[in-house]
Structures are given as structure tokens and as C-alpha cells.
Amino acid sequence: QVQLVESGGGLVQAGESLTLSCAASGSPFSINTMGWYRQAPGKQREWVTTITRGGSTMYADSVKGRFAISRDNAKNTEYLQMNSLKPEDTAVYYCNADHVLGTYWGQGTQVTVSS
């Protein structure tokens with residue numbers, strides 16, 4: 001099995017930056033794609049970004065140009081660099097990973113952007 005643990009969330013002001021990390025442990029040796037989702041209060045969880053093992057990336061229109069996903073395969077860790085944060089980015093951010101054993105999710109980390 002794979003365990004995913006997010007870190008780096010917190011409270012920031014609009015316009016500031018924040019970097020999230022997601023570390024995979026357990027049996028992370030066959031992870032293909034990794035990504036980030038987020039869920040704002042009262043809303044459905046939405047896809048934010050995905051990165052393949054080879055480094056190909058995709059972004060939701062809402063974060064394109066502001067967020068950047070990256071991964072360190074040796075450390076089995078992915079990152080989400082969030083720039084120019086807006087209050088509407090406030091949400092619980094979830095790391096996910098596509099593994100040979102299935103799809104795994106972290107517990108989430110809260111990001112709150114104040115105006």
C-alpha cells in the first residue's frame with residue numbers, strides 16, 4: 001500500500017506564495033502520475049493539476065499561470081508551488097497518486113488565503 005502525507009498548508013495573504021509537499025511512503029515504487037485536487041467549503045472536490053513520472057504536466061484553467069507542480073522521483077515526493085494566491089484558492093488541498101495497486105489520497109492540508 002501507499003500512504004500520502006501533505007504538508008505546507010497554512011494561512012497567507014492574497015498575493016503571497018505557498019508551497020505544498022506530498023510525500024509517499026509504504027510501497028511507492030510503482031507510482032505513475034501524481035497530482036493535486038482541492039475542495040472548498042460547500043463545493044465538490046476539483047482537479048487542480050497532474051504530473052506524470054516523465055514530467056508532463058496539466059493544469060486547471062483556474063490555476064494556470066499561477067501554480068506549478070513538480071516531483072522528485074528519488075524522494076517519492078511531489079510539490080505544488082502556488083503563486084499570486086487569491087481568496088478563492090482557499091480550500092483543503094489533497095495529494096493523489098496513481099499506483100499499480102490503485103489510486104491513493106492524502107488526508108489533505110488546509111490552505112487559507114485572506115484578503
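- When the side chain to side chain donor-acceptor pair (under 3.5 Å) test is applied to T112, the partners found at least two apart in sequence or on another chain are Q110.
- Legend: salt bridge (Lys or Arg N to Asp or Glu O under 4.0 Å) pairs involving residues 98-115, not counting sequence neighbours: none detected.
- The shortest heavy-atom contact between C95 and M34 is SG-CE, 4.3 Å.
- Side-chain contact between T49 and F67 is absent, with no heavy-atom pair separated by less than 4.5 Å.
- A salt bridge (Lys or Arg N to Asp or Glu O under 4.0 Å) check over residues 68-87, counting only residues at least two apart or in different chains, returns nothing.
- A salt bridge (Lys or Arg N to Asp or Glu O under 4.0 Å) check over residues 26-39, counting only residues at least two apart or in different chains, returns the pairs R38-E46, R38-D89.
- Scanning for side chain to side chain contact (heavy atoms under 4.5 Å, CB included) contacts around Q1 gives Q3, Y104, with sequence neighbours left out.
- In the hydrophobic clustering of ILVMFWY residues, with side-chain heavy atoms under 4.5 Å counting as a link, Y79 and V111 come out apart.
- Put simply, the side chain of E6 gets close to the backbone of Q107: a donor and an acceptor are under 3.5 Å apart.
- Residue V5 is found outside any hydrophobic cluster, as its side-chain heavy atoms come under 4.5 Å of no other Ile, Leu, Val, Met, Phe, Trp or Tyr.
- In this structure, CG on N96 lies 6.5 Å from OG1 on T50, to the nearest 0.5 angstrom.
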Show every donor-acceptor pair shorter than 3.5 Å between a side-chain atom in residues 9-24 and any protein atom, with sequence neighbours excluded, or say none if there are none.
{"from": "E16", "atom 1": "OE1", "to": "Q13", "atom 2": "N", "distance (Å)": "3.0"}
{"from": "S17", "atom 1": "OG", "to": "N83", "atom 2": "OD1", "distance (Å)": "2.9"}
{"from": "T19", "atom 1": "OG1", "to": "Q81", "atom 2": "OE1", "distance (Å)": "2.4"}

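- Take T57 and apply the side chain to side chain contact (heavy atoms under 4.5 Å, CB included) test, not counting sequence neighbours, and it matches I51, Y59, I69.
- Cluster partners of Y94, using a side-chain heavy-atom cutoff of under 4.5 Å among ILVMFWY residues and allowing indirect links, are Y37, W47, M58, V92, W105.
- Applying the disulfide bond (SG atoms under 2.5 Å apart) test to pairs two or more places apart or on separate chains, none has a residue in residues 49-83.
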